[in-house]
Amino acid sequence: MFKKLFGFGQRSRLTVIDGLYERIVAASRQPVFYAKWEAADTPLGRFEMIALHMILVLRRVRNEEDPKVRETAQELTDLFFSDVEYAIRELGIGDLGVPKRIKKLARMFYGRAAAYGDALDAGDVEALAAAMQRNIRPDVENWQGARPLADYAVEAAGALDAQPVEKLIAAEISFPDAQREI
């Protein structure tokens with residue numbers, strides 16, 4: 001009762017969500033994505049890489065029935081979109097333009113979540129690579145980074161599936177090292 005009344009325990013909860021998000025962002029910043037696989041090193045390209053890792057984590061916990069897991073997933077998603085909003089504002093977008101851009105990026109995110117999730121669930125690496133080509137580098141015909149990135153996503157999804165959910169909601173997750181050859 002005192003925890004709810006006085007907010008005790010909230011700090012540790014926020015620390016967990018922040019820690020989980022930091023791990024997602026760190027995984028999305030692996031240099032190989034940008035230097036070797038040619039994901040665009042732009043605000044939109046970084047959004048794509050963070051979104052991919054968010055999708056992988058949310059996919060991992062989607063069937064969990066524990067309310068703590070669902071709460072963690074929702075708080076993580078809220079933090080992600082809060083970070084996206086902050087980034088939009090940092091780019092100089094005015095108050096009137098922010099909601100429109102957030103709405104567009106949310107549609108992009110959930111569209112990617114559906115496409116990537118369907119391909120991962122079907123074990124269809126080619127469909128995953130094609131979706132990544134369409135979404136991440138539509139400006140590059142026959143983008144050579146799509147297949148290695150899809151292979152990495154399959155490996156990362158498997159690695160997350162193997163991690164106990166208790167570790168995930170305690171921000172003790174790990175992603176594969178994309179630098180090594182897959």
Side-chain angles (χ1 to χ4, degrees), residues 4 6-62 68-117 120 128 131-140 143 145-146 149-150 152-153 156-157 160 168-175 178-179:
K4 288 196 181 223
F6 297 108
F8 298 131
Q10 285 295 89
R11 180 146 173 78
S12 63
R13 183 84 196 124
L14 293 175
T15 301
V16 168
I17 299 302
D18 286 344
L20 184 56
Y21 189 65
E22 285 174 15
R23 295 215 179 194
I24 289 167
V25 170
S28 75
R29 289 186 177 161
Q30 294 183 66
V32 69
F33 297 143
Y34 307 96
K36 189 172 182 183
W37 298 343
E38 299 175 342
D41 193 7
T42 63
L44 188 56
R46 290 186 290 275
F47 166 83
E48 293 289 354
M49 292 298 98
I50 295 171
L52 170 61
H53 289 84
M54 279 288 300
I55 290 164
L56 291 169
V57 169
L58 294 175
R59 180 182 173 274
R60 165 60 181 88
V61 300
R62 70 181 171 195
K68 288 182 185 177
V69 176
R70 292 186 181 278
E71 190 176 299
T72 298
Q74 184 59 58
E75 290 176 25
L76 181 62
T77 303
D78 293 346
L79 179 58
F80 169 65
F81 281 107
S82 176
D83 192 37
V84 168
E85 180 180 348
Y86 176 80
I88 289 171
R89 290 180 186 282
E90 284 293 303
L91 290 171
I93 306 300
D95 288 343
L96 295 176
V98 171
K100 184 170 98 173
R101 287 195 173 72
I102 288 289
K103 191 174 184 178
K104 180 180 179 183
L105 289 168
R107 277 195 312 270
M108 289 170 55
F109 176 78
Y110 288 111
R112 282 153 178 71
Y116 299 169
L120 285 165
L128 182 58
M132 290 178 165
Q133 168 73 55
R134 280 189 314 274
N135 295 321
I136 298 173
R137 289 308 304 257
D139 59 324
V140 177
W143 172 44
L149 186 58
Y152 164 81
L160 288 170
L168 293 169
I169 64 170
E172 297 174 8
I173 65 168
S174 62
F175 290 90
Q179 190 66 28

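In this structure the side chain of M108 reaches within 4.5 angstrom of the side chain of L44, judged on heavy atoms. Side chains of V61 and L76 form no contact here, defined as non-hydrogen atoms less than 4.5 Å apart. Using a 4.5 Å heavy-atom threshold, the side chains of L120 and L56 count as touching. Between R107 and K103 the shortest side-chain heavy-atom distance falls below 4.5 Å.
A donor-acceptor pair is defined here as one N or O able to donate and one able to accept, closer than 3.5 Å; such a pair exists between the side chain of Q133 and the backbone of W143. In this structure a side-chain-to-backbone donor-acceptor pair under 3.5 Å is missing from E75 to T72. Of the possible polar contacts, none joining the R59 side chain to the I55 backbone as a donor-acceptor pair under 3.5 Å is found. Side-chain N or O atoms of R60 include one that pairs as donor or acceptor with a backbone N or O of L160 at under 3.5 Å.
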(request) Before giving the answer on side-chain contact (heavy atoms from CB on, under 4.5 Å), spell out for M132 and L52 the whole-Å C-alpha distance, their side-chain angles and the decisive distance to 0.1 Å. (result) CA-CA 9 Å; M132 290 178 165; L52 170 61; 3.7 Å; yes

(message) Could you go through I102 and I88, starting from their C-alpha distance and side-chain angles, then the distance that decides it, and tell me whether this counts as side-chain contact (heavy atoms from CB on, under 4.5 Å)?
(response) CA-CA 8 Å; I102 288 289; I88 289 171; 3.7 Å; yes

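One finds the CZ atom of R46 at 11.5 Å from the CE atom of M49 (value rounded to the nearest 0.5 Å). Here the OG atom belonging to S28 is positioned 5.0 Å from the OH atom belonging to Y34, to the nearest 0.5 angstrom. Distance check, rounded to the nearest 0.5 Å: CD of Q74 to CG of L58 gives 9.0 Å.
Taking the six-membered ring for Trp and thresholds of 30 and 60 degrees, Y152 and H53 have ring planes inclined between 30 and 60 degrees apart. The aromatic rings of F109 and F80 lie tilted to each other, with the angle between the two planes from 30° to 60°.
Counted within 6.0 Å of CZ on R29, heavy atoms from surrounding residues, nucleotides or ligands total 12 or fewer; the atom is thus considered open. Annotation for F81: atom CZ counts as buried by contact number, over 12 foreign heavy atoms lying within 6.0 Å.
A salt bridge is defined here as a Lys NZ or Arg NE, NH1 or NH2 lying under 4.0 Å from an Asp or Glu carboxylate O, and E48 with R112 meets this definition.
Taking each heavy atom of A178 and Q30 in turn, the nearest pair found is N-OE1, 2.7 Å. Closest approach of A131 and Y116 over heavy atoms only: CB-CE2, 3.8 Å. Nearest approach of A27 to F175, heavy atoms of both residues: CB-CD1, 3.4 Å. Closest approach of A150 and L128 over heavy atoms only: O-CD2, 3.6 Å. I136 approaches P138 most closely through the heavy-atom pair C-CD, 3.4 Å.
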I'd like a table of donor-acceptor pairs (distance under 3.5 Å, sequence neighbours excluded) in which one partner is a side-chain atom from residues 16-23, with atom names and distances.
| from | atom 1 | to | atom 2 | distance (Å) |
| --- | --- | --- | --- | --- |
| Y21 | OH | D83 | OD2 | 2.6 |
| R23 | NE | A171 | O | 3.2 |
| R23 | NH1 | I173 | O | 2.7 |

